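Take a look at the structure below.
This one's a predicted model, so the numbers in the text were calculated from it and none came from an experiment. First listed ligand is number 1; within each ligand, the first listed atom is number 1.
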Amino acid sequence: MTSPVSYELVDDIGVITVANPPVNALSHAVRQGIHDAIAAAQEDASKAVLIICDGRTFIAGADITEFGKPPREPHLPDLCNTIEASSKPVVAAIHGTALGGGLEVALSCHYRCAVPGAKVGLPEVKLGLLPGAGGTQRLPRLVGASAALDLMTSGNPVDAGQAAKLGIVDRVVDGDLRDAAFAWCRELVANDAERRRTSELAVQDVPAGALEEYRNTLARRTRGQIAPQKIIDCVEAALSRPFSEGLQFEREKFIECMKSPQSAALRHMFFAEREAAKIVGLSIDTPLRDVNKVGIIGAGTMGSGIAMNFANAGMQVALLEVDDEALGRGLGIIDRNYQGGVKRGKMSEEQALACRGRISGTTDYESLSDADLVIEAVFENLELKQEVFAKLDAVCRQGAILATNTSYQDVDRIAAATKRPQDAIGLHFFSPAHIMKLLEVVRASMTADDVLATCMALARKIRKTPVVSGVCYGFIGNRMLGHYAREAQLCVIEGATPAQVDTAMEEWGMAMGPLAVFDLAGLDVGYKARQGLPQAERGDPRAFRVADALVEMNRLGQKTGAGFYRYDPETRQRSSDQEVQTLIEREAAELGVEQREIDAEEIVDRLLFALVNEGMNILDEGIAQRPGDIDVVYVYGYGFPAWRGGPMHYADAVGLAHVLQRIREFEQGFGSENWTPAPLLEKLVESGVTLAEWAKSKGN
Ligand code: 3H9
């Protein structure tokens, strides 16, 4: 097999070229190749060595697919030491992204240059890891402990300009990178430049107490996660120990992280997110439709947020409302959102103006006649949505994509209101639509392949994470949420306080407890959705007694200052409310439910396993393509902690047999109406197969 690393002597420069597409990850063959090339350079006539990469990027890190497999020499930390120990100056020439182990290789070189568009960073924390090839020891020596901590605990990359300011790269070079790097190598040789070894630099001390303060702030920001704290441990070691000891310490901490369930969950999420973009049975060569002009119907909070996504990606947007007053309100929301973005430093004033300039308002359907994509975001009502689609059918050009942003309704029935159901699709955005990453792409029974492929590509263009869902009530996310919400509210009726339910879930890792989320979304939203359903389809009537009563008391949640909680008008801080407690006890008494103590474990298991059980049904019915897709929906759309890996990965992690056992206990205790084990779960447990194995066996 040919090596992905080549070495050649060009005049007196030894050139190591890495060519390991797609991202030049440091597979065993790459590590071996660089190791051999450095060794060869020590013996030949080269006077300097250049490490450069082919393709779209410099080395983007260790090869994540090798994690968990038996390690093979040369190990990356040793390779970095070998590079640094070279008797000839080594220069890294960076383009694209030098990430993780890739940056660690560069930090081991004696000099670094980069093109202006390059980015560098240590994103290991996003995989539940820490830089494990000397990064935690070399970066603080190069840029100081404080900047190194920020880079490593955020995991966010910096651009070449910032990297130069920080001292990570020495030169930002214009023009052809190879030519510029060559010229620099010659200059270094001519000047008999020293071998600058980062490991030999002294670490700048930090003020007393600064690390502890950093630790505490980070503990609050990254609640429950172990890798960020271990990064601080390593920086502490860099400050207090000789380099070699620091490196040893880093190795131990890296291995601890690597073996942790948190890293397994985050690595699962890394691949799940990328897998979700792939559609089973759809060729990657499916032609795409051109989308330059987008129409949005309905300028409420949702429609306005959706419009901003497309404008931010450079597309023209026409926002349609029934009259000028409603239109003015919608455009006002957009103005305020852009002003907020500028204030928070998310975009410059000029960028905001340019984006806002791409959005025009209209009250006339005719002005959508040249749109390439129209998304309706009107009130959640089937007849109304069908009416809108019929109007679109009349005015839109042939080939335009007609999308509905419905959260629950049957996309097939909406599509049937047109004579072109093949052009119809669901695009379910999450609120606030200009911020939330998730986009459920609902494939209706007649949706054409090129419509689906175009929407998946478009999602990436507007920086969303798309997941394909089949048609069913609530699609993947909200259908599962119904079961989670039911259990949360039943726990309350049975004796847990709203605060106990929310705290249990938040301590477990959810961004926000379920009842606080309902208050945030508005209790009237669920209320109206329930009213729109036939009685038989509303679910367990005991579950919604309290929420319905709160709506009838005009306690709609945060927007009225009260819902399951009372809210401070200034800080929006929630506090428990005796009035709600009295209401709960009264409803429980009327239902004949004897209230009892419910511990956090029961709350967590009931809520999460209700999600998992319905997730299994969704997989069995083919509504979701694979378990990882469900995990992406929950992590990107519902505040599920990424370090738990989404509900389906979590089920695998705690063991499907345990999940089934708990569900059977709940079935015994609470009845089979809410708790019938999903047939797929029973089947997997019976055959001793994990969900991940099952997905793999199906080729997913
Ligand atoms: C590390 O370095 C640990 C060390 O400190 C210590 C070790 C001892 N490995 O994202 P894309 C695949 S931890 C294997 O769609 P983009 C990816 O799965 C690592 N495969 O492209 C996808 O495959 P497919 C630290 C990888 O242009 C394909 O490449 N580094 C890796 O949107 C294209 O990826 C990181 O965490 C990898 N490292 O974005 C960087 N990276 O086509 C992780 C990607 O089959 N990578 N693949 O679906 C990224 O952030 C992005 O991929 C990158 C490109 C920005 C580079």
Side-chain angles (χ1 to χ4, degrees), residues 4 18 20-31 34 53 55-81 94-108 117-139 148 151-152 154-159 227 230-231 234 247-248 250-259 263-264 266-279 284 437 456-457 459-461 463-466 626 628-629 632 642 699-700:
V18 180
N20 186 30
V23 297
N24 287 318
L26 287 155
S27 62
H28 172 254
V30 171
R31 298 196 304 276
I34 298 176
C53 293
R56 60 166 135 143
T57 180
F58 191 77
I59 301 164
D63 186 337
I64 307 170
T65 59
E66 285 185 358
F67 289 176
K69 296 182 185 157
R72 290 173 71 190
E73 289 182 354
H75 303 307
L76 191 55
D78 299 335
L79 175 64
C80 289
N81 290 343
I94 300 170
H95 74 293
T97 43
L99 299 178
L103 181 57
E104 290 174 302
V105 164
L107 294 178
S108 316
K119 287 187 172 173
V120 305
L122 292 172
E124 286 86 345
V125 74
K126 296 186 180 180
L127 298 169
L129 299 170
L130 49 86
T136 66
Q137 305 303 300
R138 286 195 176 90
L139 194 62
L151 279 166
M152 292 190 288
S154 73
N156 295 332
V158 291
D159 63 27
K230 288 193 196 285
I231 289 173
C234 289
L247 211 56
Q248 183 57 36
E250 176 196 84
R251 189 77 197 145
E252 286 160 20
K253 298 293 141 191
F254 178 79
I255 289 168
E256 284 169 24
C257 284
M258 177 68 91
K259 288 186 175 159
S263 177
L266 286 161
R267 283 182 271 139
H268 159 76
M269 286 310 302
F270 178 85
F271 290 113
E273 185 185 338
R274 283 157 183 82
E275 276 294 299
K278 297 168 192 158
I279 302 162
I284 49 164
K437 289 265 288 171
M456 295 300 281
R460 280 182 81 104
K461 204 163 166 192
R463 306 171 78 132
K464 299 287 177 204
T465 303
R626 42 181 99 80
D629 285 17
V632 173
N700 280 343

Inset, instruction - Identify whether NZ of Lys or CZ of Arg in Arg274 sits under 6.0 Å from the centre of the six-membered ring of Phe270 and within 45° of that ring's axis. - result: yes
Legend entry - Qualifying residues under side chain to side chain donor-acceptor pair (under 3.5 Å), relative to Asp63, sequence neighbours excluded: Thr65
Write out each pair where an N or O from ligand 1 and one from the protein are under 3.5 Å apart, with the distance.
{"residue": "ligand 1", "atom": "2 (O)", "partner": "Ala62", "partner atom": "N", "Å": "2.9"}
{"residue": "ligand 1", "atom": "2 (O)", "partner": "Gly101", "partner atom": "N", "Å": "2.8"}
{"residue": "ligand 1", "atom": "5 (O)", "partner": "Glu104", "partner atom": "OE1", "Å": "2.7"}
{"residue": "ligand 1", "atom": "5 (O)", "partner": "Glu124", "partner atom": "OE2", "Å": "2.5"}
{"residue": "ligand 1", "atom": "5 (O)", "partner": "Gly132", "partner atom": "N", "Å": "3.1"}
{"residue": "ligand 1", "atom": "9 (N)", "partner": "Ile64", "partner atom": "N", "Å": "2.9"}
{"residue": "ligand 1", "atom": "10 (O)", "partner": "Arg274", "partner atom": "NE", "Å": "2.7"}
{"residue": "ligand 1", "atom": "10 (O)", "partner": "Arg274", "partner atom": "NH2", "Å": "3.1"}
{"residue": "ligand 1", "atom": "21 (O)", "partner": "Arg56", "partner atom": "NH1", "Å": "3.3"}
{"residue": "ligand 1", "atom": "27 (O)", "partner": "Arg56", "partner atom": "NH1", "Å": "2.4"}
{"residue": "ligand 1", "atom": "30 (N)", "partner": "Ala60", "partner atom": "O", "Å": "3.0"}
{"residue": "ligand 1", "atom": "38 (N)", "partner": "Ala62", "partner atom": "O", "Å": "2.9"}
{"residue": "ligand 1", "atom": "48 (O)", "partner": "Lys278", "partner atom": "NZ", "Å": "2.8"}

Legend entry - All side chain to side chain donor-acceptor pair (under 3.5 Å) counterparts of Asn156, not counting sequence neighbours: Lys126
Legend entry - Side chain to side chain, Glu73 and Asp78, heavy atoms closer than 4.5 Å: no
Legend entry - Pairs flagged by side-chain hydrogen bond (donor to acceptor under 3.5 Å, both in side chains) wherever residues 94-106 is involved - sequence neighbours left out: Thr57-Thr97
Legend entry - Salt-bridge present (Glu250, Lys253; N to O < 4.0 Å): no
